[in-house]
Amino acid sequence: MSKKSKIINSIVLLVILVLGYFSFVQPNQKSTKTVTVGIMSANKQDDAIWSQVAKTAKSKYGITLKFKRFTDYSQPNKALQNGDVDLNAFQHYAFLNAYNSKNDSNIKAIGKTAISPIHLYSQSYKSVQDFQDGDTIVVPNDASNESRALYVLKNAGLIKLSSGSNLKTTKDITANPKNLKIKEISADQTARTLGDAKGVVVNGNFATAAGLSSKDAIFTEPLNKDSKSWVNIIAARGKDQNKKIYKDVVKSYQTPEVKKIIKQQYGDSELPAWDRDFN
């Protein structure tokens, strides 16, 4: 074989090796990108949503999503801080802000997911205008949900609250024209008081467990600046908040396909939040 032929063969071999690298090695490298997301023990509705997110992440961004499930709401942020998960998706802004403040942590929201509006229920009345002087309305007693419930009553026109973005308590009620009695009890017990109190503000998950739907409500939490704090989010450690791979996970969630599945699985009880204006 001539020297010239050897050179040509060497060049051809080099081209084959380069093409082989880009055809086989790089895709394999791309497919090894893995992100672990901490979520609460899911129901079939959430499973359907995250299945679609994982499918998009894999096909569009080459990311393999793995999930670590928790049963206690105190766990996912600790797991994120410790590096046991890369992201978590179980909380809203209000929960995260309270956690960061209490624990001196730096977890950041990197993308909105959905919001589950809460409702005011009554077996006595058909409208918020029907409440009478001195009626009792039950609200959850934990800081985040109590504040949210009070904003619901504010937006229903039943009370007025002090200004500011801090979590509200009954001490922040500045006007109560019907002298309503606000009774605070554990969030998981609110639905059980529906036959006793004239009105009850119940969180979505506890309403579902009690067989209540949005159609049974006399008032639904509006999507405005008062409800922005209760938009659910995907969160990351502060030092990781700008990582492209994590932003791609957010993009995998914020798709028309996920929006369609949320509607199919939850109807109006859960709504996509990433493209809504809460101002």
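All residue numbers refer to positions in the sequence shown, counting from 1.
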*Does the Asn155 side chain pair with the main chain of Tyr151, one donor and one acceptor, at a distance under 3.5 Å?*
yes
*Can you check whether Thr169 reaches Glu146 side chain to side chain, under 4.5 Å on heavy atoms?*
yes
*Is there a side-chain contact between Ser127 and Ile218, using heavy atoms and a 4.5 Å cut-off?*
no
*Has the side chain of Ser122 got a donor or acceptor atom that lies under 3.5 Å from a matching backbone atom of Lys198?*
yes
*Applying ring pair (Phe, Tyr, Trp, His ring centres under 6.0 Å) between Phe90 and each of Tyr99, Phe67, Phe70, Phe95, report the one that passes.*
Phe95
*Once you round to the nearest 0.5 Å, how far does CG of Asp268 lie from CD1 of Ile262?*
12.0 Å
*Has the side chain of Gln241 got a donor or acceptor atom that lies under 3.5 Å from a matching backbone atom of Gly238?*
yes
*asked:* Checking the side chain of Gln91 only, and the main-chain atoms of Asn232 only, is there a donor and an acceptor separated by less than 3.5 Å?
replied: no
*Where the side chain of Glu221 meets the backbone of Ile118, is there a donor-acceptor pair that is under 3.5 Å apart?*
yes
*Using atom types as modelled and distance alone, determine if a side-chain donor or acceptor of Thr193 lies under 3.5 Å from a backbone N or O of Asp196.*
no
*Donor-acceptor pair, side chain of Asn82 and main chain of Asp84, under 3.5 angstrom*: no
*Do other residues, nucleotides or ligands put more than 12 heavy atoms under 6.0 Å from the CZ atom of Arg276?*
yes
_Does this structure show an ion pair linking Asp47 with Lys44, if we count only N-O contacts that are shorter than 4.0 Å?_
no
*With rounding to the nearest 0.5 Å, note down the distance linking NZ in Lys68 to CG in Asn88.*
12.5 Å
*Just how far is it from atom NZ of Lys154 to atom CD1 of Ile173, taken to the nearest 0.5 Å?*
12.5 Å
*Are any side-chain N or O atoms of Asp172 and backbone N or O atoms of Leu161, one a donor and one an acceptor, separated by less than 3.5 Å?*
no
*Taking the six-membered ring for Trp and the single ring otherwise, decide whether the centroids of Tyr253 and Trp50 are under 6.0 Å apart.*
yes
_Atom NZ of Lys55 with >12 non-hydrogen neighbours under 6.0 angstrom_ = no
*Which atoms form the tightest heavy-atom contact between Glu270 and Ser116, and what is the distance?*
OE1-OG, 3.4 Å
_Side-chain (Lys168) to main-chain (Ser162) donor-acceptor, under 3.5 angstrom_ = yes
*Any donor-acceptor N/O pair, Asn203 side chain to Asn205 backbone, under 3.5 Å*: no
*Closest approach of Ala156 to Val128 (non-hydrogen atoms, all atoms of both residues)*: O-CG2, 3.7 Å
*Taking atom CG of Leu158 and atom CD of Gln129, what is their separation to the nearest 0.5 Å?*
8.0 Å
*Which heavy atom of Ile110 sits nearest a heavy atom of Ala236, and at what distance?*
CG2-CB, 4.0 Å
*asked:* Distance alone, cut at 3.5 Å: any donor-acceptor contact between the side chains of Thr34 and Lys66?
replied: no
*asked:* I'd like to know if Lys126 and Asp130 make a salt bridge, using a cut-off of under 4.0 Å between side-chain N and carboxylate O.
replied: no
*First locate atom CG of Leu80, then atom CD1 of Ile107, and finally report the distance between them rounded to the nearest 0.5 Å.*
4.5 Å
*asked:* Nearest 0.5 angstrom please: Asn43 CG to Gln265 CD, how far?
replied: 8.5 Å
